[in-house]
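Right, one structure below, let's go through it.
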Amino acid sequence: MSAWVLRAVGLGALVVALRVLLGFAMAVLPTYGMVWRAACLLAIVSVAVLWGMRDARSDADDLTVRWLAAGFGAGLGSSAVCWVLDQVPRVELGDAGALFELTSAASFIMLLVFLPSMAGVAFGRARSRRATGTAAPATEPVLAAAN
């Protein structure tokens, strides 16, 4: 399994699990909806940031494309699974149509995975450079000699 598929499946499964838990929590205590949504959002963002920071310690060069593909897979896959689960009786996930789930919701999940993971990669690389002392040395510009 390639690296982006593992990330897409992991984060997509997390999104589906959190959306199902959010649906059940909203049915039980709807007055705490804002708290439930914020907790789910925080969980997804923190997992993406931590996984991005872990990736930054590796020697992989092209993490941007890896995380973009992972965000695309997680968004499209989790939206499709959530739409199918929403068709099951007694599972309330918002009654969104297939078009909405496969376009707007998928793109939101894609950004929710991609942007925090890139922030984690940037923070992780800066932290590892600072810890090892391999930052690029600052050089002073050299002026050209006048003829």
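Taken from OG in Ser107 to CZ in Phe114, the straight-line distance is 14.0 Å, to the nearest 0.5 Å. Summarising the geometry, atom SG belonging to Cys82 is positioned 8.0 Å from atom CD1 belonging to Ile109; distances are rounded to the nearest 0.5 Å. Rounded to the nearest 0.5 Å, atoms CE (Met26) and CZ (Arg37) are 4.0 Å apart. Rounding to the nearest 0.5 Å places CZ of Arg125 at 4.5 Å from CG of Leu63. Rounding to the nearest 0.5 Å places CD1 of Ile44 at 9.0 Å from OG of Ser46. Remark: Leu11 CG to Trp67 CH2 distance equals 5.5 Å, nearest 0.5 Å.
Counting heavy atoms from C-beta outward, Trp36 and Leu29 have side chains that approach closer than 4.5 Å. Looking at Trp83 and Leu93, their side chains never come closer than 4.5 Å, going by heavy atoms from C-beta outward.
The hydrophobic cluster containing Leu102 does not contain Val81, counting ILVMFWY residues as joined when their side-chain heavy atoms lie under 4.5 angstrom apart, directly or transitively. Residues Met53 and Val47 share a single hydrophobic cluster, defined by chaining ILVMFWY side chains whose heavy atoms lie under 4.5 Å apart. Hydrophobic clustering, with ILVMFWY side chains joined whenever heavy atoms are under 4.5 angstrom apart, groups Leu14 together with Leu115. Both Val16 and Val88 sit in one connected hydrophobic cluster of ILVMFWY residues. Membership requires side-chain heavy atoms under 4.5 Å apart, directly or through other members. Both Leu111 and Leu18 are part of a single hydrophobic cluster, where members link through side-chain heavy atoms under 4.5 Å apart.
When all heavy atoms of Ala48 and Pro116 are compared, the closest pair comes out as CB-CB, 4.0 Å. Smallest separation of non-hydrogen atoms from Trp51 and Leu6: CH2-O, 3.9 Å. The heavy-atom pair separating Ala74 from Gly12 by the smallest distance is CB-N, 3.8 Å.
A donor-acceptor pair is defined here as one N or O able to donate and one able to accept, closer than 3.5 Å; such a pair exists between the side chain of Ser79 and the backbone of Glu101.
Residue pairs meeting the salt bridge (charged side-chain N to carboxylate O under 4.0 Å, His left out) criterion with at least one partner in residues 7-18, sequence neighbours excluded, are Arg7-Asp55.
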